[in-house]
Amino acid sequence: MNHKKTYLKKISGAIAGVGILAIATISPAHADNVSAGMGILQNRCASCHNLTGPPPKTLKALWARKAPDLFYAGNKFQKSWLISWLQKPVRIRPAGEFYAEHIKPGPVHDEVDESTLKPHMALSKADAVQVAAALMTLKGHSDLITKEHMSPGTISKTMGKMVFDKFLGCIACHRISPNYGGLSGPELYTAGSRLQPAFMASYIRSPQAWDPKIWMPNKHVNDARIQQLVHYLESMKGGNPQ
Amino acid sequence: MKPANILIVLVTGMCLSIIPLGAAMAASAKDNYRTYCAQCHGLQGNGQGINVRDMSVQPRNHTDVVYMSSRSDQDLFTADKKGGLAINKSVLMPPWGDTLNDQEIHAMVQYLRKLCRCQEGKQ
């Protein structure tokens, strides 16, 4: 019994220690930003974005989704990109979300129905900083992120494109320049400044682990290829389209 | 109650509890087609999806009765589950085995037969 009490004391001491450390390392200004950003998210973003999870579990729920889930935004996005993009948003998914709700048969092939797509709201710099701070605290699926072990490295553009395009066929659904590639997935020519490497690796490994009904297939890409793909995508920062 | 009647009640109960669950798990082939296949094969199944412009190998036109009747149901099942490479076709056709279960893929094969209005070996 005494032994149990001592153990509990030690545990509560450790928790208090971690709490004090966390408070000491998070500046009051940052905490204010997170709190204000959460307020903006709740008031202006939650009607389209899922901030809490879980992701859609049925096709009907998937079809009804109006915008990407954000409950794992802190494991997905780069903060600097969020701050910049939120002030000057540019469409990432050429056919929107859910893509089949925004396409129509065309004279040659199906086309994006632009009349159904609305621009994303732009935020002031102050609001963008606050929202980005709040988004970075949304850490859904951290268990998946910790399983990834990315090695730093590079790959030539030629080899990267070969893997992406010819070996794996990712080009079918994703654009690697503003006018080259498929339209049903998010563009990837800004992936390197937008996404975290471990997120890219984990999502390629199993899109369904993140989003069970998503229309991106699991191609059973092996570890070496995942590393190559992520190194290629890391080089895609929007400024030098390939 | 006779033992035979008890057995009937038990079996009926089990079926009632299992069937709705199975129905909820498996989406209809038409809905799966719209979600996963239409991006390349088109809303109308004619091989003209929104992604086709830059694809080096064009997606199959599922309303092409001549081609579709030349493929076996087993080939269609394998291509859907394991991807184009599994039947010596393009890597651009991905494997859907982690997205759709076998029951849904079998249903998809039957849906493809509806689109082409054909059967294996019969136009």
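In what follows, chains are A, B, ... by sequence order, proteins preceding strands, each numbered from 1. Please read all numbers here as calculations on a predicted model, not as lab measurements.
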Asks: Run the salt bridge (Lys or Arg N to Asp or Glu O under 4.0 Å) test against R175(A) and tell me which residues pass, sequence neighbours left out.
Replies: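 Partners of R175(A) by the salt bridge (Lys or Arg N to Asp or Glu O under 4.0 Å) criterion come out as none, since no residue qualifies.
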
Asks: Is any side-chain N of the basic residue among E111(A) and R53(B) closer than 4.0 Å to the acidic one's carboxylate O?
Replies: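 Salt bridge between E111(A) and R53(B), a charged N being under 4.0 Å from a carboxylate O: no.
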
Asks: Looking at W215(A), is R34(B) sitting on its ring face, NZ or CZ under 6.0 Å from the six-membered ring centre and within 45 degrees of the normal?
Replies: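 Not satisfied by the 6.0 Å and 45° rule.
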
Asks: Taking all non-hydrogen atoms of both residues, which atom of N179(A) and which atom of D54(B) are closest, and how far apart?
Replies: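 Smallest heavy-atom distance, with atoms named: O-OD2, 3.9 Å.
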
Asks: Check whether more than 12 heavy atoms from other residues, nucleotides or ligands sit under 6.0 Å from atom CE of M162(A), and answer yes or no.
Replies: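 Open.
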
Asks: With a 4.5 angstrom heavy-atom cut-off, is it the side chain or the backbone of A100(A) that approaches chain B, or both, or neither?
Replies: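 Backbone plus side chain of A100(A), per the 4.5 Å heavy-atom cut-off to chain B.
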
Asks: Measuring from atom CD1 of I50(B) to atom NE2 of H109(A), what distance do you get when rounded to the nearest 0.5 angstrom?
Replies: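 Those atoms lie 10.0 Å apart.
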
Asks: How far apart are the closest heavy atoms of N51(B) and C173(A), and which atoms are they?
Replies: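 Here N51(B) and C173(A) meet closest at ND2-SG, 3.5 Å.
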
Asks: Under 6.0 Å from the CZ atom of R91(A), do we count more than 12 heavy atoms belonging to anything else shown?
Replies: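 More than 12 within 6.0 Å, yes.
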
Asks: Evaluate the side-chain proximity of N32(B) to L59(A): yes if any heavy-atom separation is below 4.5 Å, no if none is.
Replies: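 Sidechains of N32(B) and L59(A): in contact.
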
Asks: Counting only heavy atoms closer than 4.5 Å, note whether L62(A) contacts chain B via side chain, backbone, both or neither.
Replies: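 Answer is side chain: those atoms of L62(A) sit under 4.5 Å from chain B.
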
Asks: Most heavy-atom pairs under 4.5 angstrom with chain B, which of S206(A), G181(A), P207(A), G185(A)?
Replies: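 The candidate making the most pairs under 4.5 Å is G181(A).
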
Asks: If you check every heavy atom in residues 77-98 of chain B against those of chain A, which residues fall under 4.5 Å?
Replies: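 Within residues 77-98 of chain B, near chain A: V91(B), L92(B), P94(B), P95(B), W96(B), D98(B).
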
Asks: Between H174(A) and chain B, which part of the residue has a heavy atom less than 4.5 Å away: side chain, backbone, both or neither?
Replies: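 Contact with chain B involves no heavy atom of H174(A) at all.
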
Asks: With a sphere of 6.0 Å drawn around NZ of K139(A), does it hold more than 12 non-hydrogen atoms of other residues, nucleotides or ligands?
Replies: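 Above 12, so yes.
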
Asks: Under a 4.5 Å heavy-atom cut-off, does chain B meet the side chain of F98(A), its backbone, both or neither?
Replies: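 Side chain only.
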
Asks: Between K213(A) and T35(B), is a side chain to side chain contact (heavy atoms under 4.5 Å, CB included) present by the stated rule, with each step listed?
Replies: CA-CA 9 Å; K213(A) 294 294 176 186; T35(B) 308; over 6 Å; no

Asks: Checking K104(A) against chain B: side chain, backbone, both or neither under 4.5 Å from a heavy atom?
Replies: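 The answer is the backbone of K104(A).
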
Asks: So does L43(B) get a backbone contact from the side chain of D110(A), meaning a donor-acceptor N/O pair under 3.5 Å?
Replies: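 Yes; judged by distance alone, with no hydrogens or angles, the pair exists.
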
Asks: Determine, stepwise, if the pair Y36(B) / M216(A) fulfils side chain to side chain contact (heavy atoms under 4.5 Å, CB included).
Replies: CA-CA 8 Å; Y36(B) 304 110; M216(A) 173 168 161; over 6 Å; no

Asks: Do you know which of G42(B), G49(B), P59(B), S56(B) has the most heavy-atom pairs under 4.5 Å to chain A?
Replies: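 Sorted descending by pairs with chain A, the first entry is G49(B).
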
